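Worksheet: the structure to be examined is printed underneath.
Treat the numbers as computed from the prediction; the structure is a model and nothing was measured. Chain naming here is simple, since letters A, B, ... match the order of the sequence lines and numbering starts at 1 in each.
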Amino acid sequence: MVTFLNLSVTIPVAEKANDYFYVAKPKEMIEKKILEILKDAIGELYGQQPDNSLLQVQKTRPEFQGEYTVVVFPLLKISRKNPEQTAQELGTFFIEKSPEITDFNVIKGFLNLSVSQSYWLGVFNQMLTDNQYGFISEKQGNPLVIEYSSPNTNKPLHLGHIRNNLLGWSVAEIVKSSGTPVKKVNLVNDRGIHICKSMLAWQKWGNQVTPEITDQKGDKLVGDYYVRFDQEYKIEIKQLIESGQDPDWAKNNAPLLLEAKQMLKKWEDEDPEIRELWNKMNRWVYDGFDQTYERMGIDFDKIYYESQTYLLGKSLVEEGLQTGVFYKKEDGSVWCDLTSDGLDEKLLLRADGTSVYMTQDLGTAQLRYDDYHPDKLIYVVGNEQNYHFDVLKLILKKLGKSWASHIEHLSYGMVELPQGKMKSREGTVVDADDLMDEMYQTAKKTTEELGKFDDFTPDEAHTLYQMLSLGALKYFILKVDPKKTMMFNPQESIDFTGNTGPFIQYTHARIQSVLRKATESGIEFSHTC
RNA sequence: GGUCCAGUAGCUCAGCUGGAUAGAGCAGCAGCCUUCUAAGCUGCGGGUCACAGGUUCGAGCCCUGUCUGGAUCACCA
């Protein structure tokens, strides 16, 4: 859609530093040409080769005549003439040397150039006839690997994941369209104490229910038991405190928590019964996630599981210990000292030898490198983890991994609601499925009220509502600068007027309608003037 | 407290490599439906670009400081 509307403005002055996002278009050819002629002009008129940074060409503001504007201020030190005179001389040169430039005018230090109609018609025809316009076919070489989504298996996807998924998937597709091979990967956090909590709660109070029995998505069912654990756990703490125990002690020694910890230990010891339960419940969750991803239009080339990478992380820590990059404290815990880099000491292994988040991420990064040898390894992760990624890169560098510099954290801001931040404890988290349902219902209601599509079959109507609601959601979220905290207003997001996805869809529909009616009445398109 | 990020119209957001009079949408007001989809269009009002210095021919954008908000500095992930 964006490519079709040609909304992006490209930068022709120098080859862009980050060529992953560079897509050549015919329109740019004239911009490049203008720059070349400008360079020639300066050479011929003033006898100098200017630095590229002095050559500034931009689109002409709509209130002036012309399509492209040369900013002459930076050139004055070369021309040693006043702005108007310099612009006048350059403009005359353009007319003489370039058939594409038909006219020019000078306003203050701005030289506005008019490009011939036949040139624009040529561009337009190319866009019209090239159905791959704006896309470059895949080049050879190492891929760009991009990780996004990264859910936990103890709760369903929420609004924060939606921003993450849409950003990650979109960046992947944009990069892909520029010809760079892309691997979209997901990292599922499928192990740890939080998973054991839902498992334990299901064992105790689940009565062997399954998603089939409760007619519920698997991720929702498992999430419910995670919540149930927390409720029962709080009751236990309260009782312990009431019986005179210290609150901190109560939190760490509530029977339920101890039981969950035991279960984690059993899991690590590969207890068959626990592993079976773990497999079963995770499968439920994955089925649920798959449905959500599919509806959202999100996909992956490969899914990593932390249960399969944390051991590799541990071996990397061992490696670092041997080379002296890490050190062991008296209690047996392993650390990396980053104070000389302005950061703190970082724990890598607990005293009991179990791994932490960083340990796992080291392993995952190594595995990705081994799998793909990527030129760039992008992580789409919220900005609350900026520090984590600074540390990750630094530690990998200390371990002598040359590819540490290939890691890039695509950091995005939190999504807030009109009533404030989403807080799971306060039940203000917006569930991804619920949100899509709600928007679907609004699309349906609004459409039915307008009565425009009464002749649609149920299938057609369903497709329409799906397109409208997802278009609204995606556009609303993607139009905001990723790094900024954004406000998600459910009311406004499902508004079908103004700067919204549905409005763009509507515009597209009207254009199609014009073309259809033109064809029906036998009008032929002319590609020339 | 240290580090990082943000602050632009009543609200939500654009603003490209520093370039001409800072732009959209929403909300408000005034118009427009026998002809292309009114889920629309046209017009009006609305700004100390958080503040103060600095660099520059030129600063919303770069630098320094201040204020405000957020994140982070866990044997959570």
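- B:rC13 atom P lies 9 Å from atom CZ of A:Arg163, rounded to whole Å.
- Side-chain polar atoms of A:Tyr327 and A:Glu345 form a donor-acceptor pair below 3.5 angstrom.
- B:rC33 shows a glycosidic angle within 90° of 0 and is accordingly assigned syn.
- Using modelled atom types, one finds no donor on one side chain facing an acceptor on the other under 3.5 Å when comparing A:Tyr465 with A:Gln441.
- The CZ-P distance, from A:Phe476 to B:rC13, rounds to 7 Å in whole Å.
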Contacts under 3.5 Å, N or O only, protein and nucleotides 35-37 of chain B:
{"residue": "B:rC36", "atom": "O3'", "partner": "A:Lys517", "partner atom": "NZ", "Å": "3.0"}
{"residue": "B:rU37", "atom": "OP1", "partner": "A:Ser513", "partner atom": "OG", "Å": "2.6"}
{"residue": "B:rU37", "atom": "OP2", "partner": "A:Ser513", "partner atom": "OG", "Å": "2.8"}
{"residue": "B:rU37", "atom": "OP2", "partner": "A:Lys517", "partner atom": "NZ", "Å": "2.6"}
{"residue": "B:rU37", "atom": "O2'", "partner": "A:Tyr506", "partner atom": "OH", "Å": "2.3"}
{"residue": "B:rU37", "atom": "O2'", "partner": "A:Arg510", "partner atom": "NE", "Å": "3.3"}
{"residue": "B:rU37", "atom": "O2", "partner": "A:Lys452", "partner atom": "NZ", "Å": "3.1"}

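- A donor-acceptor contact under 3.5 Å links the side chain of A:Asn112 to the base of B:rA20.
- Using a 4.0 Å heavy-atom criterion, one finds that A:Asn489 contacts no nucleic acid atom at all.
- Both geometric conditions, a ring-centre gap below 5.5 Å and a plane tilt below 30°, are fulfilled for A:Phe73 over the base of B:rG19.
- Between A:Phe229 atom CZ and B:rC76 atom P there is a gap of 15 Å when expressed in whole angstrom units.
- Figure legend. B:rG7 is base-paired to B:rC67; pairs are counted as Watson-Crick or G-U wobble with both atom distances under 3.5 Å.
- With rounding to whole Å, A:Asn499 atom CG is found 12 Å from B:rC13 atom P.
- A:Phe110 places its CZ atom 15 Å from the P atom of B:rG18, with the value rounded to the nearest Å.
- As judged by a 4.0 angstrom heavy-atom cut-off over every strand, A:Asp390 is placed among residues making no nucleic acid contact.
- Contact of the A:Tyr233 side chain with the A:Leu257 side chain is registered, since non-hydrogen atoms from C-beta on lie closer than 4.5 Å.
- Between the side chain of A:Thr69 and the base of B:rA20, a donor-acceptor pair under 3.5 Å is found.
- Of all nucleotides present, none satisfies the Watson-Crick or G-U wobble test against B:rA22 with each distance under 3.5 Å.
- Contact annotation: A:Lys483 side-chain N/O to B:rA71 OP1/OP2 distance is not under 4.0 Å.
- One side chain, A:Tyr68 or A:Glu31, offers a donor N or O that lies under 3.5 Å from an acceptor on the other.
- In the set B:rC75, B:rC73, B:rC13, B:rC75 carries the atom at the smallest distance from any side-chain atom of A:Ser333.
- Considering only side-chain N and O atoms, A:Arg61 lies under 4.0 angstrom from the phosphate OP1 or OP2 of B:rG23.
- In this entry B:rC49 has no Watson-Crick or G-U wobble partner, no candidate having both defining distances under 3.5 Å.
- Taking every side-chain heavy atom of A:Ala351 into account, B:rC75 is the closest of B:rA77, B:rC75, B:rA14.
- Residue A:Phe496 is in base contact, counting any heavy-atom pair closer than 4.0 Å across all strands shown.
- Within 4.0 Å of A:Ser150, counting heavy atoms only, lies no atom of the nucleic acid at all.
- Annotation: of the two residues near RNA chain B, A:Gln385 and A:Leu343, the 5′-most nearest-nucleotide partner is A:Leu343.
- With distances taken from any side-chain atom of A:Glu492 to the nucleotides B:rC11, B:rA20, B:rC73, the minimum falls on B:rC11.
- For the 3.5 Å distance criterion, the side chains of A:Glu306 and A:Asn189 qualify, holding a donor opposite an acceptor.
- Of the N and O atoms on the side chains of A:Asp190 and A:Thr153, not one donor lies less than 3.5 Å from an acceptor on the other residue.
- Near RNA chain B, meaning a heavy atom under 4.0 Å away, there are no residues from residues 75-84 of chain A.
- For B:rU72, the paired base is B:rG2 (Watson-Crick or G-U wobble, both distances below 3.5 Å).
- Summarising the geometry, the separation between CZ on A:Phe64 and P on B:rU21 is reported as 8 Å, rounded to the nearest angstrom.
- Applying the Watson-Crick and G-U wobble criteria (two distances, each under 3.5 Å), B:rU42 pairs with B:rA30.
- If you check B:rA14 for Watson-Crick or wobble pairing at under 3.5 angstrom, you find it has no partner at all.
- Contact annotation for A:Asn152: backbone-only contact, meaning every heavy-atom pair under 4.0 Å involves sugar-phosphate atoms and none involves a base.
- With rounding to whole Å, A:Asn386 atom CG is found 19 Å from B:rG2 atom P.
- OP1 or OP2 of B:rC13 has not a single side-chain nitrogen or oxygen of A:Lys484 nearer than 4.0 Å.
- Of the two residues contacting RNA chain B, namely A:Glu306 and A:Gln58, the nearest-nucleotide position lying further toward the 5' end is that of A:Gln58.
- Distance CG (A:Leu347) to C1' (B:rC73): 14 Å, rounded to an integer number of Å.
- A salt bridge between A:Lys398 and A:Asp341 is present, with a side-chain N of the basic residue lying under 4.0 Å from a carboxylate O of the acidic one.
- For the atom pair NZ (A:Lys421) and OG1 (A:Thr485), the distance works out to 8.5 Å, reported to the nearest 0.5 Å.
- Side-chain contact check for A:Asn164 and A:Tyr412: at least one donor-acceptor pair (N or O, by modelled atom type) lies under 3.5 Å.
- No side-chain N or O of A:Glu268 forms a donor-acceptor pair with one of A:Tyr310 less than 3.5 Å apart.
- To the nearest 0.5 Å, atoms NE2 (A:His194) and CG (A:Asp230) are separated by 13.5 Å.
- Judged purely by distance below 3.5 Å, without hydrogens or angles, the side chains of A:His409 and A:Asp390 never pair a donor atom with an acceptor atom.
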